[in-house]
Novice: 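Sharing a structure, written as structure tokens. Questions coming.
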Amino acid sequence: MKSLELLSELININSIKINLDQSFTWASGWRSPFYFDNRISLSYPKIRSAITSQLIELLKSNFTSVDVISGVATAGIPQGALISDKLSLPFAYVRSKAKSHGMQNMIEGKIKEGSNVILIEDLISTGGSSIKAVDAIRSSNSNVLGVISIFNYGFKQSIENFNKINCKTFSLFYFDDLLTIALEKKIIRLDDLDKLKKWRNNPEKWR
């Protein structure tokens, strides 16, 4: 399955929802014409496998000497585990916050000190959850080579946030890819493009 064909399939299975008339509210409070639920793709073996294969290709083309694959809780965990299995590498995941009991772990699984780690995320918006995971792994005296995700909106905030912590990011799909496919599928019109690009440039002030 080719890259943009996979993106089209994610729309077909409703893993990506697009609605310009009734926008979605994100956890951040932002209003958005887009909503991603990459967990849905896990229920479709062909699509799930295509995502895994393409994430591995992305990883191999940009990084070497990877010791550990780590998923960002929660949506980055399934693909992280699948990738680590395919590559025969150790897997761990980073919680959104430390446990309130037991060992009060932030990192679940074993990451040896000094390891080179790739973080797997499903979606990068502002980058907040990924950056917390990067900080947790670095605090354990290991090295984060970068973050790989299925989709990246390319918000100015996330670019600035990752630059501040000197962390590379690579994604299968970006905002312009989504607009291309949405136009092809006639979900949006040409005259919607300016409005959607304005939203991407200033999402906190959408409607």
Novice: Which heavy-atom pair separates I77 from Y93 by the least distance, and what is that distance?
Specialist: CD1-CD1, 3.5 Å
Novice: Is L119 reachable from I111 through a run of I, L, V, M, F, W or Y residues, each pair having side-chain heavy atoms under 4.5 Å apart?
Specialist: yes
Novice: With sequence neighbours excluded, give me every side chain to side chain donor-acceptor pair (under 3.5 Å) pair touching residues 134-147.
Specialist: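 Every side chain to side chain donor-acceptor pair (under 3.5 Å) pair that includes a residue of residues 134-147, provided the two are not neighbours, is N116-N143.
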Novice: Which residues pass the ring pair (Phe, Tyr, Trp, His ring centres under 6.0 Å) test with F24, sequence neighbours left out?
Specialist: Y35
Novice: Just list the side-chain donor-acceptor pairs under 3.5 Å for residues 179-188, sequence neighbours left out, or say none.
Specialist:
| from | atom 1 | to | atom 2 | distance (Å) |
| --- | --- | --- | --- | --- |
| T180 | OG1 | D176 | O | 3.0 |
| K185 | NZ | S8 | OG | 3.1 |
| K185 | NZ | N12 | OD1 | 2.7 |

Novice: Rounded to the nearest 0.5 Å, how far apart are CD1 of I120 and CG of L58?
Specialist: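 Reported to 0.5 Å precision, the distance equals 8.5 Å.
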Novice: For the residue pair S158 and S125, what are the closest heavy atoms and their distance?
Specialist: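 Minimum heavy-atom contact is CB-O, 3.0 Å.
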Novice: With sequence neighbours left out, write down each residue that passes ring pair (Phe, Tyr, Trp, His ring centres under 6.0 Å) with F175, or none if nothing qualifies.
Specialist: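 So F175 forms a ring pair (Phe, Tyr, Trp, His ring centres under 6.0 Å) with F34, W199.
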Novice: State, with a plain yes or no, whether a side-chain heavy atom of K60 is found less than 4.5 Å away from one of L87.
Specialist: yes
Novice: Test of understanding: with side-chain contact (heavy atoms from CB on, under 4.5 Å), list the residues that count as partners of A50, not counting sequence neighbours.
Specialist: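 Partners of A50 by the side-chain contact (heavy atoms from CB on, under 4.5 Å) criterion, ordered by chain and then number, come out as M1, L6.
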Novice: Check whether L42 and I13 end up in the same hydrophobic cluster, where Ile, Leu, Val, Met, Phe, Trp and Tyr are linked by side-chain heavy atoms less than 4.5 Å apart.
Specialist: no
Novice: Does some side-chain heavy atom of D85 sit less than 4.5 Å from a side-chain heavy atom of T52?
Specialist: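 They are not in contact (no side-chain heavy atoms under 4.5 Å apart), so the answer is no.
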Novice: Give me the atom names and distance for the closest heavy-atom approach of D177 to L172.
Specialist: OD2-O, 4.3 Å
Novice: T126: which residues meet the side-chain hydrogen bond (donor to acceptor under 3.5 Å, both in side chains) condition with it, sequence neighbours left out?
Specialist: none
Novice: Mind running side chain to side chain contact (heavy atoms under 4.5 Å, CB included) on I11 and L178 for me, showing each step along the way?
Specialist: CA-CA 9 Å; I11 294 173; L178 181 56; 4.0 Å; yes
Novice: Determine, step by step, whether L82 and I51 satisfy the side chain to side chain contact (heavy atoms under 4.5 Å, CB included) criterion, reporting the C-alpha distance in whole Å, the side-chain angles of both residues, the deciding distance to 0.1 Å, and the verdict.
Specialist: CA-CA 10 Å; L82 290 166; I51 292 172; over 6 Å; no
Novice: Between S84 (side chain) and A81 (backbone), is there a donor-acceptor pair under 3.5 Å?
Specialist: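 Yes: the side chain of S84 pairs with the backbone of A81.
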Novice: Mind checking side-chain hydrogen bond (donor to acceptor under 3.5 Å, both in side chains) for S130 and listing every partner two or more places apart, or none if nothing turns up?
Specialist: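 S130 satisfies side-chain hydrogen bond (donor to acceptor under 3.5 Å, both in side chains) with E121 once adjacent residues are dropped.
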Novice: If I take atom CD from residue Q54 and atom CD from residue E57, how far apart are they, to the nearest 0.5 angstrom?
Specialist: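 So the CD of Q54 and the CD of E57 are separated by 6.0 Å.
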Novice: For D191, look at atom CG and say whether over 12 heavy atoms of other residues, nucleotides or ligands are found less than 6.0 Å away.
Specialist: yes
Novice: I want to check something: taking the side chain as every heavy atom from C-beta on, are V94 and M106 in contact at a cut-off of under 4.5 Å?
Specialist: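 Yes, close enough: below the 4.5 Å cut-off.
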Novice: Would you say the side chain of N62 lies within less than 4.5 Å of the side chain of K168, judging by non-hydrogen atoms?
Specialist: no
Novice: Heavy-atom distance under 4.5 Å between the side chains of K195 and L20, does that happen here?
Specialist: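 With C-beta onward as the side chain, the pair touches.
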Novice: Could you go through the side chain to side chain contact (heavy atoms under 4.5 Å, CB included) check for R48 and Q79 one step at a time?
Specialist: CA-CA 8 Å; R48 181 183 68 213; Q79 279 296 337; 3.9 Å; yes
Novice: Is there a path of hydrophobic side-chain contacts, each under 4.5 Å between heavy atoms of I/L/V/M/F/W/Y residues, joining V147 to Y174?
Specialist: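 Per the 4.5 Å side-chain linkage, Y174 and V147 are not co-clustered.
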Novice: When rounded to the nearest 0.5 angstrom, what is the spacing between CG in N38 and CD1 in I47?
Specialist: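 That separation rounds to 11.0 Å.
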Novice: Test side chain to side chain contact (heavy atoms under 4.5 Å, CB included) on I148 and I83 and set out the steps.
Specialist: CA-CA 11 Å; I148 291 178; I83 290 166; over 6 Å; no
Novice: So, using side-chain hydrogen bond (donor to acceptor under 3.5 Å, both in side chains) as the criterion, who are the partners of S171 when residues are at least two apart?
Specialist: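 For S171 the side-chain hydrogen bond (donor to acceptor under 3.5 Å, both in side chains) partners, ignoring immediate neighbours, are S149.
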Novice: Could you tell me whether the side chain of N201 and the main chain of K198 form a donor-acceptor pair under 3.5 Å?
Specialist: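 A pair under 3.5 Å: no.
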Novice: Calculate, to the nearest 0.5 Å, the distance between atoms OG and CD1 belonging to S61 and I56 respectively.
Specialist: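 The distance works out to 12.0 Å.
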Novice: Of the non-hydrogen atoms in S15 and S41, which two are nearest, and what is the gap between them?
Specialist: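 The answer is OG-N, 4.4 Å.
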Novice: Below 4.5 Å, heavy atoms only, C-beta onward: do L59 and I69 meet side chain to side chain?
Specialist: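 When only atoms from C-beta onward are counted, I69 and L59 do touch, with a gap below 4.5 Å.
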Novice: What's the separation between atom CD in E108 and atom OG in S70, rounded to the nearest 0.5 Å?
Specialist: 10.5 Å
Novice: Let me confirm one number: the CD1-CD1 distance from I165 to I131, rounded to the nearest 0.5 Å.
Specialist: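 It comes to 4.5 Å.
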Novice: Closest approach of A136 and I107, non-hydrogen atoms and distance?
Specialist: O-CD1, 3.7 Å
Novice: Not counting sequence neighbours, which residues clear side-chain hydrogen bond (donor to acceptor under 3.5 Å, both in side chains) with Q157? List them please.
Specialist: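 Partners of Q157 by the side-chain hydrogen bond (donor to acceptor under 3.5 Å, both in side chains) criterion, ordered by chain and then number, come out as E204.
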Novice: Are the side chain of K17 and the backbone N or O of N14 linked by a donor-acceptor pair below 3.5 Å?
Specialist: yes
Novice: Scan for ring-ring contact (aromatic ring centres under 6.0 Å, His included) pairs involving residues 50-83, sequence neighbours excluded, and state none if there are none.
Specialist: F63-F170
Novice: Only counting residues at least two apart or in another chain, list the ones meeting ring pair (Phe, Tyr, Trp, His ring centres under 6.0 Å) with F36.
Specialist: F151, Y153
Novice: Might you point out which heavy atoms bring V134 and C167 nearest each other, and give the distance in Å?
Specialist: CG2-SG, 4.0 Å
Novice: Per the salt bridge (charged side-chain N to carboxylate O under 4.0 Å, His left out) rule, what does the pair list look like for residues 35-44, sequence neighbours excluded?
Specialist: D37-R39
